[in-house]
Amino acid sequence: MTPDPASPAIAPYLLRPPRPGDLGWVVHRHGVLYAREYGWDVRFEALVAQIVADFGTRHDPERERCWIAERDGENVGSVFLVQHPERAGVAKLRLLLVDPSARGLGIGRRLVEECARFARQAGYGTITLWTNSVLVSARRIYEGAGYRLVEEQPHDSFGQGLVGQTWELTL
């Protein structure tokens with residue numbers, strides 16, 4: 001198990017590869033939490049399902065990974081790192097999620113750190129990600145890990161008016 005080094009008294013958590021049922025959990029939990037916390041509709045869950053299905057059916061284990069954070073036998077977080085489909089040497093961080101029951105434990109920061117560690121090992125030069133400005137906690141994690149905001153674009157998606165953001169980390 002991997003305790004958060006900043007909080008040694010907090011119950012430990014484990015980062016592991018996905019097992020059967022975990023990919024469905026990722027889709028379900030994103031759908032439920034984003035609807036509850038941001039009012040996003042089923043189109044967001046469909047996007048997550050597509051990303052997860054693409055990973056599950058055709059990921060390259062040498063260049064792409066998924067991590068599931070588990071605490072007390074329950075899934076509490078996830079993140080994916082995949083090859084950018086159009087940019088050689090660039091990885092995409094996708095679907096960072098920390099369940100409300102585990103927020104504040106450093107799990108999100110650790111998941112993002114694992115992506116960077118693996119990306120360096122796999123030979124990527126850059127990690128990019130797309131998020132929305134309303135996801136303040138995630139954006140703080142990215143900024144703290146050294147990502148820089150490279151583009152913003154307003155859009156109407158998931159039943160909301162949003163501002164999409166592209167962030168990048170040079171490795």
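Model, not experiment: these values are computed from the prediction.
No continuous path of hydrophobic side-chain contacts links Trp67 to Val26 [ILVMFWY only; heavy atoms under 4.5 Å]. The hydrophobic cluster containing Ile107 does not contain Phe80, counting ILVMFWY residues as joined when their side-chain heavy atoms lie under 4.5 angstrom apart, directly or transitively. Neither Leu96 nor Leu47 shares a network with the other; the hydrophobic side chains, linked directly or stepwise wherever heavy atoms of I, L, V, M, F, W or Y lie under 4.5 Å apart, form separate groups for each. A single hydrophobic cluster is not seen to contain both Val52 and Val79; linkage of ILVMFWY side chains at heavy-atom distances under 4.5 Å, directly or through other members, places them apart. Ile141 is connected to Val76 through a chain of hydrophobic side-chain contacts under 4.5 Å among Ile, Leu, Val, Met, Phe, Trp and Tyr, so both are in one cluster.
Other residues, nucleotides and ligands place no more than 12 heavy atoms under 6.0 Å from the CD atom of Glu74.
Taking the centre and axis of the six-membered ring of Tyr124, the NZ or CZ atom of Arg63 falls inside the cone set by 45° and 6.0 Å.
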Worked verdict on Tyr13 versus Arg110 for side chain to side chain contact (heavy atoms under 4.5 Å, CB included):
CA-CA 11 Å; Tyr13 60 88; Arg110 177 70 192 288; 3.4 Å; yes
Mind running side chain to side chain contact (heavy atoms under 4.5 Å, CB included) on His59 and Val82 for me, showing each step along the way?
CA-CA 8 Å; His59 81 279; Val82 299; 5.8 Å; no
Test ring pair (Phe, Tyr, Trp, His ring centres under 6.0 Å) on Trp130 and His155 and set out the steps.
CA-CA 13 Å; Trp130 182 79; His155 64 100; 5.2 Å; yes
Audit row: Tyr34, Leu135, side chain to side chain contact (heavy atoms under 4.5 Å, CB included) steps and yes/no:
CA-CA 10 Å; Tyr34 281 76; Leu135 305 178; 3.7 Å; yes
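Aromatic ring centres of Trp40 and Phe158 lie closer together than 6.0 Å.
For Ala145 against Val112, the heavy-atom pair with the smallest separation is CB-CG1, 3.9 Å. Contact detail for Glu62 and Phe118: the closest heavy-atom pair is O-CZ, 3.6 Å. Nearest heavy atom pair, residue Ile127 against residue Ala119, reads CD1-CB, 3.7 Å. Closest heavy-atom contact between Arg103 and Leu33: NH2-CD1, 4.2 Å. Closest approach of Arg29 and Pro100 over heavy atoms only: NH2-CD, 4.2 Å. Residues Leu93 and Leu129 approach most closely at O-CB, 3.6 Å, considering heavy atoms.
Side-chain contact between Thr166 and Thr128 is present, with heavy atoms from C-beta onward closer than 4.5 Å. Counting only heavy atoms from C-beta outward, the side chains of Glu70 and Arg19 approach each other to under 4.5 Å. Between Pro18 and Trp25, the closest side-chain pair of non-hydrogen atoms is not below 4.5 Å. Residues Tyr147 and Thr131 have side chains not in contact (no heavy-atom distance under 4.5 Å, counting atoms from C-beta outward). A 4.5 Å side-chain heavy-atom check between Trp167 and Val150 finds every atom pair outside the cut-off.
Here the CG atom belonging to Leu111 is positioned 12.0 Å from the CG atom belonging to Leu95, to the nearest 0.5 angstrom. To the nearest 0.5 Å, the span separating CZ on Arg94 from CD1 on Ile51 amounts to 3.5 Å. The distance from the CD atom of Glu37 to the OG atom of Ser137 is 9.0 Å, given to the nearest 0.5 Å. With values rounded to the nearest 0.5 angstrom, Ser157 atom OG is found 6.5 Å from Leu162 atom CG. Separation of atoms SG (Cys66) and CG (Asp22) is listed at 7.5 Å; rounding is to 0.5 Å. With values rounded to the nearest 0.5 angstrom, Gln165 atom CD is found 5.0 Å from Leu149 atom CG.
Donor-acceptor pairing under 3.5 Å is recorded for the side chains of Asn75 and Arg16. Of the N and O atoms on the side chains of Gln160 and Asp156, not one donor lies less than 3.5 Å from an acceptor on the other residue.
Every residue two or more places apart in sequence or in another chain that forms a side-chain contact (heavy atoms from CB on, under 4.5 Å) with Arg120 is listed here: Ala116, Leu171.
Classification of Lys92 and Glu86 as a salt-bridged pair fails, no side-chain N sitting under 4.0 Å from a carboxylate O. Salt bridge absent: Glu143 and Arg139 never bring a charged side-chain N and a carboxylate O closer than 4.0 Å. Electrostatic pairing of Glu113 and Arg117 does not count as a salt bridge here, judged by no charged N lying under 4.0 Å from a carboxylate O. One finds no salt bridge joining Asp99 and Arg71 here, because no Lys/Arg side-chain nitrogen approaches an Asp/Glu carboxylate oxygen to under 4.0 Å. Classification of Glu64 and Arg58 as a salt-bridged pair fails, no side-chain N sitting under 4.0 Å from a carboxylate O.
No side-chain donor-acceptor contact under 3.5 Å links Asn132 to the backbone of Val134.
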